[in-house]
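The next block holds one structure in the form of structure tokens; read it before the comments.
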Amino acid sequence: MREKNETITKTVKTGITFGSALAMVVSYVNWHSVGWAILHGLMGWVYVVYYVLRY
């Protein structure tokens, strides 16, 4: 059971990191602005916190 929990934890952390990186890359490609890319990357984390608090 412990092995399964570790796998889930690693998968979630990787997914969240990948999601933020993807948001920043897509934002930079669309807007050509580092500032917007950083903002969109942070907004991904705001959504994660919202989801944890809400559900």
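Note that these values count all heavy atoms, side chains included, but never hydrogens, waters or copies made by symmetry. Model, not experiment: these values are computed from the prediction.
Follow the hydrophobic side-chain contacts under 4.5 Å out from L53 and you never reach W45; the two are in separate clusters. By the rule that hydrophobic residues join a cluster once side-chain heavy atoms approach within less than 4.5 Å of another member, V34 and L42 end up as members of one cluster.
The distance from atom OG of S33 to atom CG of L39, rounded to the nearest 0.5 Å, is 9.5 Å. Within the model, atoms CE of M43 and OG of S20 stand 11.5 Å from one another, a figure rounded to the nearest 0.5 Å.
For Y50, the side-chain contact (heavy atoms from CB on, under 4.5 Å) criterion is met by Y47, R54, not counting sequence neighbours.
Nearest heavy atoms, M24 versus A37: CG-O, 3.0 Å.
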